[in-house]
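Everything below concerns the one structure shown next.
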Amino acid sequence: MPEPGGFEVPLWRAVAVFRLASLTYVCVVLIRDVDQYAHPIAAGALVLVMAAWTSVTAAGYATPARRGWPLLLADLGVVVAILLVTPWVMGRTALAAGLPTLPVAWLSGPVLAWAVSGGRRRGTVAALVLGATDLFTRGVVTPSAFNGAILMLLAGLVVGHVARLTVTAGERLQQAVELEAANRERERLARDIHDSVLQVLALVQRRGARLDGEAGELARLAGEQEAALRALVSGVGQVPAGAPDTPVDLRALLGRYASGAVSLSVPATPVWLSPAVAHELAAAAGAALDNAARHGGGRAWVLVEDEGSAVTVSIRDEGPGFPPGRLDEAVAQGRLGVAQAIRGRLADLDGTARISSTPGAGTEVELTVPRRRT
């Protein structure tokens, strides 16, 4: 399994390399322009401070525990302080002549560090602070200085965006690895649990369903365990964790209702729906099964059909059924269980709920929802 935050390591190394390379350029600029500085010795000392701080940040950002606000704020503060003393070290005459400020590109180091640690917003804040300080120390806004501030702002935005994408990619990879590990473990269990175990449990449930007393109770428990075991080895009934807008496999939600008295037939491939639609459709199917258990007390069958543009869930039971018009009478009497729990949910989803029943022949509920395309 990938280490959490491991995808950010190359970015932090890139920041360290940038600061070292930009420090080298500062040395080149110092050698080239030192004769025009007001205080050459102070300029050399300032470069040594920059070199020391480059080493401190390289060691600090290399450890995840140290990449917090204390180091980030100290990094920004040190660079701001160096910018503020630059006019005295270089002299106003050198700045007026158009010479670059002593830190040159090295001052962008905190911008990159803030962007990697917190994304676009942090990178933008650091760029605005350093850009404004740089323009303030110059005393006059030249086109080259303004362009440098804009480039630093763009660097904070771009690097911050890439950093957030990297973190998201790492999280998704970790989820994929965890899911793959779970699937491998499920396959191992499926190999270890021979199908004969499931067959024996199903046989006990069928043979004992017609018996009374403890034998009938044992048959019912055997049926429940058989359904639970099949759900375990097939993965149905387990909803993987994900983002709130991540599509949900309807099979997993309906798998919770599978038992010795409820048979579930689903497609071999996932039935992806948006979370809101999947949960509401599963809740409506659960309400239909509750009605079947309350009024019928016998077995029930659930069939899921994925038609591409729509998904249909059919629930059929072997209960006593009811005569035509009975549901309308229930609504008129103020009993809104079916109307609200089933038809109301499907209406909110722009779907349809068809309920048909015949006295003595059970009830069938057909729930259909369109699959929205985005």
Have Thr368 and Thr312 got a donor and an acceptor in their side chains that come within less than 3.5 Å? yes
Taking C-beta and beyond as the side chain, do Thr137 and Trp88 meet within less than 4.5 Å on heavy atoms? no
Close side-chain approach of Val47 to Cys27, heavy-atom, < 4.5 Å: yes
Salt bridge (charged side-chain N to carboxylate O under 4.0 Å, His left out) partners of Asp33, counting only residues at least two apart: none
When you measure from the side chain of Arg251 to the backbone of Ala268, do you find a donor-acceptor pair of N or O atoms at a distance under 3.5 Å? yes
Side-chain touch Pro267/Val304, heavy atoms, less than 4.5 angstrom: yes
Test your reading of the model: is there a side-chain donor-acceptor pair from Arg371 to the backbone of Gly308, 3.5 Å cut-off? yes
With a 4.0 Å cut-off, would you call Asp75 and Arg19 a salt bridge? yes
Taking C-beta and beyond as the side chain, do Tyr61 and Ser117 meet within less than 4.5 Å on heavy atoms? no
For the student: nearest non-hydrogen atoms of Val26 and Pro103, plus distance: CG2-O, 3.3 Å
Given the rule that I, L, V, M, F, W and Y join up when any side-chain heavy atoms are under 4.5 Å apart, are Ile82 and Tyr25 in one cluster? yes
Measure from NZ or CZ of Arg122 to the centre of the six-membered ring of Trp69, then state whether that distance is under 6.0 Å and the direction lies within 45° of the axis. yes
Quick check: Trp53 with Trp106 (ring centres under 6.0 Å apart)? no
Within-4.5 Å side-chain heavy-atom neighbours: Val29 and Pro100: yes
Minimum heavy-atom separation for Tyr37 to Ala43, with atom names? CD1-CB, 3.6 Å
Approximate separation, where rounding is to 0.5 Å, of Leu130 CG and Leu153 CG: 11.5 Å
Does some side-chain heavy atom of Trp12 sit less than 4.5 Å from a side-chain heavy atom of Val17? no
In terms of hydrophobic clusters joined by side-chain contacts under 4.5 Å, are Leu107 and Leu84 together? yes
State plainly whether one hydrophobic cluster holds both Val15 and Val9, where clusters connect Ile, Leu, Val, Met, Phe, Trp and Tyr through side-chain heavy atoms under 4.5 angstrom apart. no
Validation row: Asp317, Arg299 side chains within 4.5 angstrom (heavy atoms): no
What I'd like to find out is whether the side chain of Pro87 reaches to under 4.5 Å of the side chain of Leu95, using heavy atoms alone. yes
If the condition is salt bridge (charged side-chain N to carboxylate O under 4.0 Å, His left out), which residues does Glu364 pass it with, not counting sequence neighbours? none
Report yes or no: is the cationic atom of Arg316 (NZ for Lys, CZ for Arg) under 6.0 Å from the centre of the six-membered ring of Trp301, at an angle within 45° of the ring normal? yes
Find out if a path of hydrophobic residues (ILVMFWY) with successive side-chain heavy-atom gaps under 4.5 Å connects Leu367 to Trp272. no
